[in-house]
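Single-structure report; data block below.
Below, all heavy atoms of this structure are taken into account, side chains as well, without hydrogens, waters or symmetry copies. Residues: numbered from 1 along the sequence shown.
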Amino acid sequence: MGENTGRRQHVVVIGGGFGGLSAVRTLRKADVDVTLIDRHTYNTFQPLLYQVATATLNPGDVTWFLRAVREHNPRVRFINGEVTTIDHDARQVLLEGDRSVSYDKLIIATGVTANFFGIPGAEEHALPLYTRAQALAVRDRIFTGLEYAAAHRQGEDVRIVVVGGGPTGLETAGALAELRNNDMPITYPELDRSRTHVTLIEMAPNLLGPFSKKSQEYARKALEKRDVDLRLNTTVKEVRPDGVVVGDGEFIPAGVTIWASGIKAPDAVKNWGVPQGRGGRIEIDHHLRVKGLKDVFAIGDIAVEDGDRALPQLAQPALQGGAYVAKLIRAELKGETVGPFEYKDKGILATVGRNSAVAEASHLPKMTGFPAWAIWTGVHVFTLLGVRNRAAAMVNLGTRYLFWHRSHNAIVGDTPPAQGMTPDDLPSRLLSEGSTDVIAEPTHRP
């Protein structure tokens, strides 16, 4: 069935992430009807998902109810649905369940998903960190594995492998190392800390590719100080149920492989009638219009523009892009024009752990250590949506900082009883004959 939008122009926004919400909020100043479509009922603050996966934050701390966007604009409505195809001739977005939504202007802001680069076994056995459910799956798998190891594998090795040396991989490996170093001696006395390993694999010679050499070197030393096993200049050739095979054929045993390397457009985009470039992302022009489609725009990670205008996959390009497209639509309704989109680079941040981060902010000197960590914390808490989310994150992050040596800070979920478990109770894809490294998969997923 179609949608009657009345006499106002109807702007449809697909995706309730940074870019989509930025566009919706800026459009409250325009005389248009807005429909926001998302497959989830909540926005996820992806930069802090690793904190959920490593038991520092609750999932509710990093999610925000999308229907709350109507608070400041009653002309906005929300549809919880999955986009299947887009008919640009009929100007309709088609959803699962045979529903259609007509549009005058369309903004695509769906974000991206993990890119496994066709590496054998990666999609089947590695765990990405792009959604709330994935973060909870990582957390529950880690703690189930620790409980199983404490009950049945004392004196044997425990290992987690993180693939990718960008900010997500760096932050995840640092948090896991601090969990092992600070919490496990108290909470898991059955396990030998020296035989509990966190390994970070990066194919480039340095961590944090977009950062300066100074920041890269600081990050490397900070991880090594936390006893993270760094494998730089190392390519993953295969991911197996019980570990990874790297470039020279070496097998690194592990019970959990966390994937933080590369992005691509969701497969569904192939059915949307849009031109696709690198990683299947949607090709746009200097005004963030989808090439060949006058009234269709793409913003954030899902969009790609080649050359020196290529944007980083960060929150700021999405936020600025969403606001720009909304202002462009407002201008066009008045018969006015606006210039090309110009991204204002506000800098890049990454943290390794407590009191340790790198910050390269515009118009400020490059910083490392506690000053950079304070900036990183402030920026991330401030960027969270909703007063409740900011307050909850401040409490949980603050508690973790002030009482880092206290074991009760971990926020955990359900795990099956470990004492009665046998190898047959564990999914066979997580244990191999003769493998001593194990982090077991939970018997359920959230």
Could you please spell out the steps behind the side chain to side chain contact (heavy atoms under 4.5 Å, CB included) verdict for I86 and V274?
CA-CA 9 Å; I86 302 175; V274 293; 5.5 Å; no

Tell me, with the steps shown, if V163 and F116 meet side chain to side chain contact (heavy atoms under 4.5 Å, CB included).
CA-CA 10 Å; V163 180; F116 297 103; over 6 Å; no

Begin from the C-alpha positions of R220 and E202 and carry the test salt bridge (charged side-chain N to carboxylate O under 4.0 Å, His left out) through to its verdict.
CA-CA 11 Å; R220 181 187 66 80; E202 166 57 42; over 6 Å; no

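Side-chain contact check for Q46 versus T168: every heavy-atom pair is 4.5 Å or farther apart. Side chains of I411 and V52 form no contact here, defined as non-hydrogen atoms less than 4.5 Å apart.
In this pair, F143 and Y188 present their aromatic rings tilted. The plane angle is within the 30 to 60° band. Classification of the Y148-H152 ring pair by plane angle, with boundaries at 30° and 60°, yields tilted.
Rounding to the nearest 0.5 angstrom, the gap separating the CG atom in N181 from the NZ atom in K225 is 11.5 Å. Atom CZ of R39 sits about 8.0 Å away from atom OG1 of T131, to the nearest 0.5 Å. Here OG1 of T54 is found 10.5 Å from CG of L49. Values are rounded to the nearest 0.5 Å. Interatomic distance, T187 OG1 to L179 CG, rounded to the nearest 0.5 Å: 7.0 Å. Separation of atoms CD (E156) and OG1 (T196) is listed at 11.5 Å; rounding is to 0.5 Å. Rounded to the nearest 0.5 angstrom, M367 CE and Y218 OH are separated by 12.5 Å.
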For residues 253-273, please give each side-chain donor-acceptor pair under 3.5 Å, one per line with the distance, not counting sequence neighbours.
| from | atom 1 | to | atom 2 | distance (Å) |
| --- | --- | --- | --- | --- |
| W259 | NE1 | N115 | O | 3.1 |
| W259 | NE1 | S261 | O | 3.0 |
| W272 | NE1 | T84 | O | 3.3 |
| W272 | NE1 | A268 | O | 3.3 |

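Pairing each heavy atom of G347 with each of L314, the nearest pair is O-CD1, 4.5 Å.
Looking only at atom types and distance, the side chain of T199 has a donor-acceptor partner in the side chain of R159 under 3.5 Å away.
Shown here are the side chain to side chain contact (heavy atoms under 4.5 Å, CB included) partners of K346, two or more places apart in sequence or in another chain: Q316, Q320.
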